[in-house]
> 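Would you mind keeping the following structure in view while I ask a few things?
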Amino acid sequence: MARGVYQALYPVYLVQEDRERHEFAVDLGAEPPVAADGAAVDRRYARRLTLHRLHQAIFRPKVLRAYESRCALCRLRHAPLLDAAHILPDHHRRGEPVVPNGLAMCKIHHAAYDANIIGIRPDRVVEVREDILIEIDGPMLRHGLQAMHESAIFVPRSHRDRPDPTRLEERYAEFRAAA
Ligand SMILES: [Zn+2]
């Protein structure tokens, strides 16, 4: 078993049984789904919610595996320090938790990407925001951020796992607008 690939999820609730297919629908929430008036929530909704949570939960191990547990920017290879960053966010129409919408990043680079301190162009080259580039500070700023400017990101070997250029483009436009 590869370390950091599996993730335990608990507690879970069995919310639906499909006897013919010998399947259960599992809700990963802390509470069984109940509406405000105390009635059980629509089963189809519960199942959708369950699938959504399941997809979110397996996003990280899938992205980390595709990137060989390396930060796409600095190549750091310590899974506990890595995240699966979304290119387009979860609430976006195309923000699905799928590998082409993900990038393995260390905690610092993930936070910097989300804060538009760094941007990634559709040709997979990193840009560091202008004001950060001219700042003078210690080694984290110099080596961790400024040195990333105009470097190419590390991508998975498999083409289907590589970041989707159209999603990168849309996210990069947001970085440019914020800069
Ligand atoms: Zn990094």
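Keep in mind that the numbers below use all heavy atoms, side chains included, and drop hydrogens, waters and symmetry copies. Since this is a predicted model, take the numbers as computed values, not measurements. One-based numbering, in listed order, for ligands and for the atoms of each. In what follows, residues are counted from 1 in the order of the sequence shown.
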> Do you know the tightest heavy-atom contact between Y172 and I120?
CB-O, 3.5 Å
> Tell me how many protein N, O or S atoms are closer than 2.8 Å to the Zn ion (ligand 1).
4
> Any side-chain donor paired with an acceptor under 3.5 Å for N116 and R176?
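Looking only at side-chain atoms, R176 and N116 do not form any donor-acceptor pair under 3.5 Å.
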> Assess whether a salt bridge exists between R142 and D137, defined as any Lys/Arg side-chain N lying under 4.0 Å from an Asp/Glu carboxylate O.
no
> Have a look at I153 and tell me which of D123, V126, V125 forms a side chain to side chain contact (heavy atoms under 4.5 Å, CB included) with it.
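It is V126, the one option of D123, V126, V125 that forms the side chain to side chain contact (heavy atoms under 4.5 Å, CB included) with I153.
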> Please check if atom NE2 in H78 has more than 12 non-hydrogen atoms from other residues, nucleotides or ligands closer than 6.0 Å.
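Not buried by this count: 12 neighbours or fewer within 6.0 Å.
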> For the CZ atom of R70 and the SG atom of C106, what is their distance to the nearest 0.5 Å?
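Taking CZ in R70 and SG in C106, the distance rounds to 13.5 Å.
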